[in-house]
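Since the model is a prediction, treat every value here as computed from it, not as a measurement. Every chain is numbered from 1, with letters handed out A, B, ... down the list of sequences.
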4 protein chains.
Amino acid sequence: MSRKPNSEQRRAQIVQALMDTMAEHGYEKATIQLIARRAGLTPGLLHYHFHSKADILLALVKALAGAAQQRYQAFAQDAQDDGQRLGAYIDARLGLGEGADAGAVAAWVVIGAEAVRQPEVRAAYRHAIDTETALLRELLSASLAAHGKSTANAQALAAALLAMMEGTFQLASVAPAGMPAGFAAPMAAQLVRRFIDAEPPA
Amino acid sequence: MSRKPNSEQRRAQIVQALMDTMAEHGYEKATIQLIARRAGLTPGLLHYHFHSKADILLALVKALAGAAQQRYQAFAQDAQDDGQRLGAYIDARLGLGEGADAGAVAAWVVIGAEAVRQPEVRAAYRHAIDTETALLRELLSASLAAHGKSTANAQALAAALLAMMEGTFQLASVAPAGMPAGFAAPMAAQLVRRFIDAEPPA
Amino acid sequence: MSRKPNSEQRRAQIVQALMDTMAEHGYEKATIQLIARRAGLTPGLLHYHFHSKADILLALVKALAGAAQQRYQAFAQDAQDDGQRLGAYIDARLGLGEGADAGAVAAWVVIGAEAVRQPEVRAAYRHAIDTETALLRELLSASLAAHGKSTANAQALAAALLAMMEGTFQLASVAPAGMPAGFAAPMAAQLVRRFIDAEPPA
Amino acid sequence: MSRKPNSEQRRAQIVQALMDTMAEHGYEKATIQLIARRAGLTPGLLHYHFHSKADILLALVKALAGAAQQRYQAFAQDAQDDGQRLGAYIDARLGLGEGADAGAVAAWVVIGAEAVRQPEVRAAYRHAIDTETALLRELLSASLAAHGKSTANAQALAAALLAMMEGTFQLASVAPAGMPAGFAAPMAAQLVRRFIDAEPPA
DNA sequence: CATGAATGAGATTTCATTCAT
DNA sequence: AATGAATGAAATCTCATTCAT
């Protein structure tokens, strides 16, 4: 009798098409026409499933943040101690393993710039950053404590590490020359390890 | 008795207005009308002094890169050894001292995203990054050598440090909550110092 | 054992939903989606029961005209003479009694403007107006005759009175400040009575 | 050197074109394209001089209200007493003399319906109505007083008369059959005169 | 140098209508 | 009867760029 809803798939399809298009053209030049064409849909249908283009962007921000969380969960599954969990986190974010996606990274960079001007994007971006910072601080605090070190600098170290990650995404997207692919994760891990080793005891 | 040409002053005025406007609205929404209004000029005059809007953006990229160089020079003026020069660099980039400019930082973030899609912006952005990397590698190599350490990792460390800086700009522009203002420079310095201390000898 | 067709009920439901939506959003902005939502139906179903949106509008015009007729019939039921019938008419149109409906009035105003451009709406609107005029002229003629007055001006007086009613709907919908609620009917009645009293004898 | 501004003429030209187009097609179907074509301009230019289509409509409301005021002033110029001023007012609004404009009347009807749904139009419409009501009440009070009558009903009478005018515009635009052209003004004048004559003394 | 009106291409968005289920 | 996804035409609005003055 009634038609079977397929909105969820369609929405995911559209969000994915925005990501791909944005990675190539930026947000403004990722026109509804282009996104629709890439998704194999008509422009009108995009506005049937999303109120506005900005709404698709918000859905993408949430999708990327969620995917990052899942990626860490997958990487951390077999971790046995705090040090391994921290390593898993760094690998999940900076490593080249399964699921690394240059398009997603480029889209994330573009989102970071859109967050400068779109309040709603900024809020979603901040929420993702805050969640990451909290997780990272937790991991760092655990590692510091496991080595009998003070955790006073855990927050600042988390922020610095997160900044390094965001910056790595930026440089990887635009100026990949400087650092050989795959060096980011080990270097970040080493910086953290040496920092922790040199911390004063608790 | 010719009238004194004021082109250079006008161009600088326009570039500055683009920077201010971009920091608030992003690049695409920084319309010629808005830029002109902010500069106290008329739309037509902008195209008299610049061939296109993209040209103003390129001029801005170069202006910001040049200003960063100058800021380092000023900070390094009184440095007495390699360690102090490295500290001066970090302070010039991440410190809160004179000349720190939230607008310039936000504009730089937006430029980073435009570099994803505009080849000419990407080239100018890469050139700035490459110049920075070379300078930073030089400073790190000198510091490593001064401590009798191997300089093999200088390039990778330079890249990581640069990434941290770019990421700090991003987070400062959009999600300033995580790290207290002014903590970025000391934390970066400490990460570098401990890394160097732990490096094996040359 | 056939299922009972519910078309008539559905049609009435849809027409009512158009009226409510129009009173708030006007005709053009009363989209099929909005009307359907207000009726608790789906967009597709509206086109199952009506060929087009314009058709729903025509049905509404007729429904409102018919309701006005019924309202007069109900008010005039107990009238004993021509003067009471005329008073019943004025009360039915301008009074605040049972069945007065701000939404219907606002929708009628919107219909009046649509009649400016849609020939079919104009025809239906005119038909309603002509019917009203004829009835009103009849009532006025009877009252004039009952007072031994000439009925020569009955038509013009009917037109003036009808104009006052349409204008009252307009002002009540948009600028209700000027006249206190409930004053329209007595004032109209008084204007008519004094006009009739001052008419020359037949 | 600089270009001579012509915005005022252009704006007036555009407002006039909206009025003509609206009188024929209503507001929604008076597209920017149609208005531009009627004005002999390009669509882009309309948005250069007006922020939005709604802004053109607001300018039209004000222009029509202002024109009505001027028309009364012109008609009342030679009036010698209160009765003549009142007559001048009725003629200015309902008469067929110089400056009567079927297009303006139809546009005003459409504006009245737009006022139902657009708050800014409603505000401008109300302001015009309030101004008219105040003027009319003043004229009626003066006439009543001049005849030694109570002015207690001046406000209600003014409202009724204004409603009659608005309704006459409506019927003239859509259902001109009922009342012969030119009968509205005398009938309105007569209704008022007989009402005043029958009022109790002050 | 400077002005600001003008253009035109292209973007987002709306929406009545259709139709497979 | 009913659903709701899908379409495509058309609307408003934006904006870099041009150009007469």
Inset, instruction - Find out whether H25(C) and L34(C) are in side-chain contact, i.e. whether some heavy atom of one side chain is under 4.5 Å from a heavy atom of the other. - result: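 Yes. Closest side-chain heavy atoms under 4.5 Å.
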Quick one: [X] [atom1] to [N] [atom2], roughly how many Å, whole number?
{"X": "R11(D)", "N": "dG4(E)", "atom1": "CZ", "atom2": "C1'", "result": "15 Å"}
{"X": "F50(D)", "N": "dT14(F)", "atom1": "CZ", "atom2": "P", "result": "15 Å"}
{"X": "L41(D)", "N": "dC13(F)", "atom1": "CG", "atom2": "P", "result": "17 Å"}
{"X": "R3(A)", "N": "dC19(E)", "atom1": "CZ", "atom2": "P", "result": "12 Å"}
{"X": "L46(B)", "N": "dC15(F)", "atom1": "CG", "atom2": "P", "result": "15 Å"}
{"X": "I14(D)", "N": "dA5(E)", "atom1": "CD1", "atom2": "C1'", "result": "11 Å"}

Does [N] have its OP1 or OP2 closer than 4.0 Å to a side-chain nitrogen or oxygen of [X]?
{"X": "T42(C)", "N": "dG4(F)", "value": "no"}
{"X": "R10(D)", "N": "dG4(E)", "value": "no"}
{"X": "S7(D)", "N": "dG4(E)", "value": "no"}
{"X": "N6(D)", "N": "dT21(F)", "value": "no"}

Inset, instruction - Using the closest heavy atom to pick a nucleotide of DNA chain E for each, name whichever of K4(A) or H49(B) lands nearer the 5' end. - result: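 Of the two residues, H49(B) wins.
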For the pair [X] (side chain) and [Y] (backbone), establish whether a donor and an acceptor sit closer than 3.5 Å, ignoring hydrogens and angles.
{"X": "N6(D)", "Y": "Q9(D)", "result": "no"}
{"X": "R117(B)", "Y": "E24(A)", "result": "no"}
{"X": "R38(C)", "Y": "A17(C)", "result": "no"}
{"X": "Q170(D)", "Y": "G112(C)", "result": "yes"}

Inset, instruction - For the pair V105(D) and W108(D), evaluate side chain to side chain contact (heavy atoms under 4.5 Å, CB included) and give the outcome as yes or no after the intermediate values. - result: CA-CA 5 Å; V105(D) 167; W108(D) 189 251; 5.7 Å; no
Inset, instruction - Using Watson-Crick or G-U wobble pairs with both distances under 3.5 Å, give me DNA chain E in dot-bracket, 5' to 3', with [ ] for crossers and | for pairs to another strand. - result: .||||||||||||||||||||
Legend entry - Short N-O contact, K29(C) and E114(D), less than 4.0 angstrom: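 E114(D) and K29(C): not salt-bridged.
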Inset, instruction - Mind listing the closest non-hydrogen atom pair of A107(A) and L64(A) along with its distance? - result: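 For A107(A) versus L64(A), the nearest heavy atoms are CB-CD1, 4.4 Å.
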Side-chain atoms of residues 40-61 of chain B: list all donor-acceptor pairs with protein atoms under 3.5 Å, sequence neighbours left out, distances to 0.1 Å.
residue	atom	partner	partner atom	Å
S52(B)	OG	A54(B)	N	3.4
S52(B)	OG	D55(B)	N	3.3
K53(B)	NZ	Y27(B)	O	2.9
K53(B)	NZ	E28(B)	O	3.4
K53(B)	NZ	A30(B)	O	3.1

Inset, instruction - Do nucleotides 12-17 of chain E as a string where each nucleotide becomes B, S or -: B if the base has a protein heavy atom under 4.0 Å, S if just the sugar-phosphate does, - if no protein is that close. - result: SBBSSB
